[in-house]
Every structure is written in C-alpha cells, then in structure tokens.
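This report refers to the structure that appears directly beneath it.
The sequence lines fix the lettering, A, B, ..., with proteins before strands; numbering per chain opens at 1. Because only heavy atoms are used, hydrogens play no part in the values below, and waters and symmetry mates are left out as well, while side chains stay in.
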Protein chains: 2
Amino acid sequence: MATIKDVAKKAGVSIATVSRVINNSPKVSEKTRQRVLEVIRELNFMPNIIAQGLQTKRTNTIGLIFPDATSYYFAEIIRGIIGVVQKQKYHVVISSSHDENDELRTLISMLQSGRVDGMVLMMPTITDSKFLKHTLKNFPVVFVCTNIKTSRSTSVIIDNFNGAKKVTSHLIEHGHRRIGFIHGSPNNFDSRERYRGYLSALANAGISKSELYEARGNFTEQSGFNAAMELFSQPSPPTAIFAANDSMAIGAIEAAKRLSLNVPNDVAIVGFDDISTSRYVEPALTTVRVPVFEVGEIVGKIILKHLSGEGGSVEEKIVIPVELVVRKSCGCKES
Amino acid sequence: MATIKDVAKKAGVSIATVSRVINNSPKVSEKTRQRVLEVIRELNFMPNIIAQGLQTKRTNTIGLIFPDATSYYFAEIIRGIIGVVQKQKYHVVISSSHDENDELRTLISMLQSGRVDGMVLMMPTITDSKFLKHTLKNFPVVFVCTNIKTSRSTSVIIDNFNGAKKVTSHLIEHGHRRIGFIHGSPNNFDSRERYRGYLSALANAGISKSELYEARGNFTEQSGFNAAMELFSQPSPPTAIFAANDSMAIGAIEAAKRLSLNVPNDVAIVGFDDISTSRYVEPALTTVRVPVFEVGEIVGKIILKHLSGEGGSVEEKIVIPVELVVRKSCGCKES
DNA sequence: ATATCAAATGTAAACGTTTACACTTTAATA
DNA sequence: TATTAAAGTGTAAACGTTTACATTTGATAT
C-alpha cells in the first residue's frame, strides 16, 4: 500500500505538500496540486485513516450499542442512523450487548480507547445512570428510548405515554372496563411509560386500577402467550388486553385462540409498535405505529450535530409522536 | 485521558515496561507488573487503540457491507456475525449501500484506508467480479450469498437450488402442472439459483417450461402482488405459484384474495425464507426455512478463521442446508 | 538592481503505541 | 569470589499522518 512518502518522492515534493493536497489546503499552487493528484491516482494512494486519527484525534466513527435481540425495531433504527451518517463520511461500529454490565464494559472501552467520536446508546433498561453520567462526561451521546441527560447528550424518545393512553382510551370507548395490561421486560423504559399511559387512560375514565389485570412479559411472543393465559384464568377475566408491544399481543391472540375465545368479541387485544406482522394476524392487530426508521434518521442527524461542534444548539430531548392504527382486534368493523 | 507515558511516570518505569504489562509479556517481574497494574487502575488508563493500530497494522475491526434494505434476513445475519466476533474482541463496522458503485467505493475506501482487518460482503447482485477480485487480492473476505472466489475468501451460500427444487416438487406432488415463478431482483444470485431449482424440478417431472408462467419482481411485497396479478391475467393462469421469497409470496396471496381466488384451492402459493410473518398470513405460507441467524454465526466464525492466520485451512465454499416448511398455502391439510 | 512581502514549500516534532536492541541487575555455577 | 547466563528493564526508532514554524521562491515596488 502506498504511503504519503511514496507519493511525495514520486511527485518530487515534501510530504507536507502532499498532506496539504489531501486536505484541500489553499496554500499550494495549482501546478503542484495537479502533479500530486496525478501521482496519487497513479499509485492508488489513500491516506491511512488510522494515522490520520492518531494526529487529529478524530476517527470519523460513531459507536452504536444495542441490545442483542431479533427485532425489527432495532434493525430499522440502525438502518436509519447508518443512512444519515454515511452521507457525511462517518462510519458506524455496532456492538450488541446482553445485559447492563456488558453494555457498560463495551461502552467504556469504545470511549476510552479512542475508537469513536460519539455514541448512540440504546439501553432501555439502564439502572445505574450515575455511573453512566460520570463516564460520559463531555462525550457526545444520543440516548434512544432512555431518558438520561449528560453534559453533551440528547435523548430521543418515543411518545409512549400518549400512544398508550390513546390506545387504552380506544378500548374504553368500545365499552371495556376490565382492561388487562401485559408488561414488557422489567425495568424497560418503554414498557414503564406505556404502563403510565395505560393507567392515565384508566384514571381519566374513572376506572380503578386492579393488579389482578396485570401480568409480566418480556416482549417476546411466548411471554405474551403466557401472560395472557394468566389473565384469562382470573375469576372474572379482563374483556380487553393491552400488551406493551405487538409481539406479546400476537402471543395473547394465540392464547385466546387456544382457549377458543373470539377476538375481538370475547376479548379485545391491542399492542404497540406496529411491526410488519401485525397487519397479517387474524384478526389484524390494532396498535400504535412508531416511525422507527425516521427515529433512526433523527438520531443520526442529532449525533452529527453534536459532532459538528455546534454543541450549544443541540436539543436536550426529542419526543417522537406516535399514531393510533385501528384494525380489527379492538372490535372496530372493517374500515 | 491518561496515556502510557503518564502511567510510566507514575509507576516509575519506562513506557516499554508498561506496554509489556498491557500486552501480557512474560518478560516483566511480578512485582513491577503489580505496581503498573495498580497505576493503570488508578489512572483509569486504556491503551489508545488507534495508536496501537498504527504500530501493529491490526484494527481488530471487521467491515460489513450490506444492501440498504429493511430485511429480517440481513438483520439476523448481522446479529449472528456480531455475536460471534465480539466474543473475540473484534468490532464491526457496517456500511450499507444502494447500488454496486456505492458498494465498491465503500469497500475500497475501507480496505485501503486501513480501517478493517477483513470484510464480509453481501453483494447479491454483483456483476463486476473481475474488478472485485483484483482489489481484494490477498485480503480476507467472506462473501455471503455470492459465489465468488478470491485469493483469501470463502463464500457462504444458501442451498437455494435444492430448497427451490424441493418446494417446487412439493407443488408437483399436489398435482400441479402449471406452476408460475416470480423472480426476485434482476441479477440477484439467490433469485437465479432458486429459479434453477424450480426449472430442475419441472424438468424432473417432465413439465416443459413456459415463459408465460414467469413474472419479475424485486423481493418486495408490492412487486409480488403485481407479478401475481400479471400471472393471473393469462388465458390459462397457473394453478400454483412459487415466489422467490416470502414477501413476494405474501403479496401474491393478497393478489389472489383481491381476485377472489381461494388459496390454496384455486391457486397454491409458496415462498422461500420463512420470515416471521409467514406463519401468520392466511393461509399460513408453505416455504423454505433458511437458518439466517446461524448463517451469520458461520460467517463470523469463518472470517475469524481467516484473520487468525490459519489461512490455508479455511474452506473455500460453504453451502447451508435448507428445510421445507409445509403449512397450508400449498394445499396440505392441517397437520 | 534592491528591498519588501506574499505565496509556496520544506523541516521536523508530535500523536500514543510496539518492539528490536542494548544495557543492567540478579541468580546460579565454578 | 569471579564468571556467566538469564531475567528484567530502558532507549530509541518506527508506524503514517498533520501542522507550526522556518525557509525559499517569485513578484512588485522602488
């Protein structure tokens, strides 16, 4: 591989001049610039990015830390981010993590080892935010679906609260009073917020909350199935269920079918996220659409903003609006 | 951020010794090792990975180039790769690309700029393999779903041919003779291979191929819908359709419904991939299961093998077996 | 022709590591 | 005790860039 020295020698100039050409410095005459460019082409030279990084302290790389889970959700967010930052010549390195310790370890190593200029963190179950705030001091970060604030961060979060409130209210409008809730993974930010929205809708309607109608899942279809089974086994089971995500709602529909309960007549079931399968289940799932790809694009833009130095003017928090998608599983007729 | 110099000074040793401690060199006494380790902990020191890379010429990074598409397929492969290589302290940088030029540009820049030690390339529509072979000479690469051979590569490919043959033969066993095929994106390797399998099954059964029963799609649901509409408009339309992937098969089912054709009675429809939605469509889709996550893991292991230097013993080509998944859309009864 | 100044170019240090080689200490052997 | 080998440590160059500063070149004004 050709280095800047080879180019300099062949073009008969110093390496400084070659460097200036590479970096479009105006302080080089047109004539030499052309000569150097020609040699660069001949030798197929590309500046070694590692050496550049050592000097300039910039890697043009953004680190992403995401949960290790099969998920349309994460995949689309990542796609959105990559699309945006790649246009600005940034690269993206992805780490996935199984648990919080894992996450923090990777995070710190990426940070301290100088591998990335900024990071995108998707750690929906983070608990030790104090430690995080300390290690991320003055480092550009965007948090996705986690409401944390550090000295140079912004949080991009879904409007879980209002989405959940809307879809729960919709069930109430259908006349339901005994509405069950299936929680997502413990400590998960989205799940907690959706639960708050659910409670708020109940409160608005003057329905007193009953823990009898709550069950715990972990966002998987199987857990939704189990949770629904549990709810259905109550003495007076709920007539409607709101699951904290679509996968669990689909599991709940399976559970209803298993017990020969008709959805939506015997029990209405709704979810959250609008994953692609939701259109196709029988009955089609009423849910809340999250514009996942767009979230990724926004996240990408924000991290670029942080990195471009205009630190002061970056938003601290962005809330992504969310849309009710009415299909059949709530009891609405064909539209 | 603390550097090796700071550590050396504080521990009262030379930077060489610190370096030796970092790299677990045996040539350092237990006593000094402990002292240095303590200082490292105190100062929260981590070696700068960029500087290390400049010296050692290794970045501990693997580059992935993937098509920019929403796809369970790609997402799972990537997840599989990350899971495996992360365990060996490798990082992963992902680029997505819209078209072939795009791909090649990114590829070359990653390569020449010294950013990655090896690459995973998913370029199912690559045409200019000569150029590719030239620029990848002696560089560790694994191709996914592309049958190319360079001096240090291996190709990991799905057994598209046999999968397609099996599912087509299954339709033939159901008594179908007029079987349509919906192609995927033009030049796509998987699509071409699946087409070959389809033809082979027809030939085996003594059915002469008819271009009347072929239509072109691009792997999206919409394109499947359109292609199926085209097939159905023939004077004597096919009684069965094999779409080159599940998304298009699902589109085809929609098309059948639009024309009030019963699936599978009026027309049987099958796909390929077994995406998660396929279980849920009505009727549930008969298809070919591709163990996508496992493909990712295999790819990860192979690239690690290439990088670990045991170059000679790495397979040139790995074919992933594939499994027929019989559901209802082919005409089979409830199992 | 000379002095002045701007523009162009070159020199060399710096970035934070690794590592070959040289040197010093320690321990073992005669 | 003197000699030698082994183990431990340090010195300095190297990796491929960028960039402050110094130097050279060329043009312009006198």
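Under the side-chain hydrogen bond (donor to acceptor under 3.5 Å, both in side chains) criterion, B:Asn218 pairs with B:Thr220, B:Ser223, not counting sequence neighbours. Every residue meeting the side-chain hydrogen bond (donor to acceptor under 3.5 Å, both in side chains) condition with A:Gln34, not counting sequence neighbours, appears here in chain and number order: A:Glu30. With sequence neighbours left out, A:Arg115 forms a side-chain contact (heavy atoms from CB on, under 4.5 Å) with A:Ser113, B:Ile49, B:Asn60, B:Thr61, B:His91. For the side-chain hydrogen bond (donor to acceptor under 3.5 Å, both in side chains) test, residues two or more places apart in sequence or in another chain that qualify with B:Gln86 are A:Ser95. For B:Thr150, the side-chain contact (heavy atoms from CB on, under 4.5 Å) partners two or more places apart in sequence, or in a different chain, are B:Lys133, B:Leu136, B:Phe143, B:Ile148, B:Ser153. Shown here are the side-chain contact (heavy atoms from CB on, under 4.5 Å) partners of B:Ser25, two or more places apart in sequence or in another chain: B:Arg20, B:Lys27. Judged as a salt bridge (charged side-chain N to carboxylate O under 4.0 Å, His left out), and not counting sequence neighbours, A:Arg58 has no contacts. Annotation: side-chain hydrogen bond (donor to acceptor under 3.5 Å, both in side chains) contacts of A:Asn23 (sequence neighbours excluded): A:Ser19.
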At under 4.0 Å between heavy atoms, how does the protein contact nucleotides 16-26 of chain D? Give one character per nucleotide, 5' to 3', with B, S or -. BBBB-------

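The NZ atom of B:Lys27 sits 10 Å away from the P atom of C:dA20 (whole-angstrom rounding).
Here the rule is side-chain contact (heavy atoms from CB on, under 4.5 Å) with B:Ser96, and of B:Asp68, B:Ile65, B:Thr106 only B:Asp68 fits it.
Taken residue by residue, residues 28-37 of chain A places heavy atoms nearer than 4.0 Å to DNA chain C at A:Val28, A:Ser29, A:Thr32.
For the residue pair B:Thr125/B:Asn188, the side-chain donor-acceptor check at 3.5 Å is not satisfied.
Rounded to the nearest 0.5 Å, atoms OG1 (B:Thr17) and CD1 (B:Ile4) are 9.5 Å apart.
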Which atoms of nucleotides 4-7 of chain C (N or O only) lie under 3.5 Å from a protein N or O atom, and what are those distances?
none

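Note on A:Glu76 versus A:Arg79: salt bridge recorded, some NZ/NE/NH1/NH2 to OD/OE distance being below 4.0 Å.
Overall bending of the helix from C:dA1-D:dT30 to C:dA30-D:dT1, expressed as the angle between end axes built from five pairs apiece, is 50° (10° steps).
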